[in-house]
Amino acid sequence: MSPHLVVIGTGYAGLLAALRAARIARGRLTVTLVGASDQLVERVRLHEQAASGRSVAHPIAALLAGTAVRFVHARALEVAPGRLVTDAGVIQFDRAIVCTGGSVDLDLVPGAREHAFAIDGDRMARLFGEARRIAECGGRLAVCGGGLTGVEIATELAEAVPGLRVELVSASEIVPALSHKAREHARAALRRLGVTVREGVRVTAVAADHLDTAAGPIAFDLCAWAAGFRAMPLLAGLGLPMAADGRVIVDSHLYARPDLLVAGDAAAFATPGGWLAAGCKTAMPMAAHAADTAVAEMTGGQMDAFSFGDPGYCVSLGRRDGIVQFVDAAGQPRERILKGRVAAWIKERVCRYTVFALRAEQRRLMAYRWQHGAVRPLVAVEAVR
Ligand SMILES: Cc1cc2nc3c(=O)[nH]c(=O)nc-3n(C[C@H](O)[C@H](O)[C@H](O)COP(=O)(O)OP(=O)(O)OC[C@H]3O[C@@H](n4cnc5c(N)ncnc54)[C@H](O)[C@@H]3O)c2cc1C
């Protein structure tokens with residue numbers, strides 16, 4: 001029987017890892033994809049779903065059609081050495097790639113879990129309906145979190161839902177990862193769309209109808225939570241070293257344990273500048289590298305360490321505006337940006353490319369490629385194997 005590679009998670013990282021491993025293994029391995037969901041949710045478009053109601057999910061069956069990847073629709077409960085326990089039974093494996101992702105942190109402050117919509121998964125269709133309902137009588141939407149996700153959701157909904165009063169609340173200045181020029185453009189776009197922006201205001205709790213903040217209460221009819229990040233709980237059960245946000249620490253080849261690689265938002269990859277940021281732009285390269293590494297190792301080959309060159313940031317500000325932020329070799333923002341319709345157009349192409357890349361791997365048209373660069377791991381985490 002051929003060696004068995006199991007990939008856990010049906011997000012961008014899990015699908016890419018499974019499709020790529022099956023393509024390059026050419027029948028020398030059995031590849032199984034295990035997912036709690038039988039859909040790929042295009043998370044980079046969740047704010048679009050909240051504003052339009054249009055589904056951003058694709059059936060896994062269609063994305064795996066014609067490939068040798070076997071799909072098991074099950075939630076992983078425990079990853080013991082060589083043995084995956086799921087709610088649909090036990091699966092033995094030789095190597096596994098864990099790609100279970102993460103989400104906004106609903107436990108960051110009391111009440112967020114009970115009273116706020118997470119910018120996540122399948123709740124966007126409900127947020128779409130609720131936002132329209134409250135807009136009919138001039139209702140207020142509070143968006144908590146001034147990072148890229150918070151700004152994207154605030155601008156998208158303010159543009160798409162007439163009558164909705166949107167307030168963006170951020171503990172720090174908005175979009176801190178971007179340059180001053182980019183931040184000023186984001187502020188101008190938010191102003192143009194009528195969004196009230198409160199920077200430097202930390203939310204301490206979420207109640208049913210208001211936020212508690214150091215600057216006093218902020219009333220809302222609807223609250224969207226876009227702050228913080230937490231990796232999925234499965235990872236805590238592995239008993240492996242983790243970063244503070246619950247991501248599992250991996251070595252330079254993305255191994256967390258001799259039988260286990262971790263990729264995407266689930267993985268903490270140390271660089272001299274800190275952990276590599278979670279994001280689709282890091283998740284897909286990690287997944288491709290993890291697949292290459294696992295197949296090489298299981299079929300007697302060798303792989304180099306993971307390397308990644310930051311391509312920069314693409315941010316949407318509604319459907320007609322955006323920001324493309326260029327970065328230097330260390331991933332730090334340059335002052336150079338693109339904005340307006342050109343940036344919105346580029347952002348749309350980048351989003352399309354994610355699913356196109358999966359289909360290209362599926363149909364063997366093209367191998368997913370990414371920008372390599374100077375990001376190298378710290379020596380301190382080189383002890384896994
Ligand atoms: C609104 C929004 C906009 C974004 N825009 C950008 C952007 O412009 N650029 C960018 O780089 N990033 C962006 N991101 C971040 C990006 O979406 C994530 O980094 C990316 O989805 C990570 O991919 P992943 O495959 O690691 O995890 P995910 O996409 O989260 O997939 C994880 C998968 O694992 C499954 N899973 C979890 N637990 C289990 C379990 N126990 N058993 C089985 N399956 C399990 C889940 O069901 C899911 O299918 C955005 C995110 C949001 C929310």
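Worth saying up front: this structure is predicted, and the values here are computed from it rather than measured. Residue numbers count from 1 along this sequence. We count ligands from 1, going down the list as the structure has it; atoms in each ligand are counted the same way.
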Short N or O distance, Gln39 and ligand 1, threshold 3.5 Å exclusive | no

Under 3.5 Å between some N or O of ligand 1 and some N or O of Lys347?
-> yes

Which one of Gly322, Ala36, Pro233 has a non-hydrogen atom at the shortest distance from atom 43 (C) of ligand 1?
-> Ala36

To which of Val44, Val56, Asp265 does the heavy atom nearest atom 6 (C) of ligand 1 belong?
-> Val44

Can you find a pair of side-chain heavy atoms, one from Arg95 and one from Pro3, that are under 4.5 Å apart?
-> no

For Ala177, the side-chain contact (heavy atoms from CB on, under 4.5 Å) test, sequence neighbours excluded, returns Tyr313

Under-4.0 Å salt bridge between Arg187 and Glu184 = yes

Salt bridge present between Glu348 and Arg45 (N-O < 4.0 angstrom) | yes

Applying the 4.5 Å side-chain criterion to the ILVMFWY set and letting contacts propagate, would Met366 and Val295 be lumped into a single cluster?
-> yes

Under the 3.5 angstrom rule, does the side chain of Arg230 hit a backbone N or O of Leu106 as a donor-acceptor pair?
-> no

Looking only at protein heavy atoms, which one is nearest to atom 37 (C) of ligand 1, and how far off is it?
-> Thr100 O, 3.2 Å

For atom 31 (O) of ligand 1, find the nearest protein heavy atom and state the residue, atom name and distance (0.1 Å precision).
-> Gly11 CA, 3.3 Å

So, does Cys314 sit close enough to ligand 1 that a heavy atom of it is under 4.0 Å from the ligand?
-> yes

Atom indices of ligand 1 within 4.0 angstrom of Gly264 heavy atoms, with elements = 26 (O)

Within 45° cone and under 6.0 Å: Arg336 NZ/CZ vs Phe326 ring | yes

Determine, counting only non-hydrogen atoms of the protein, whether one lies under 4.0 angstrom from atom 1 (C) of ligand 1.
-> yes

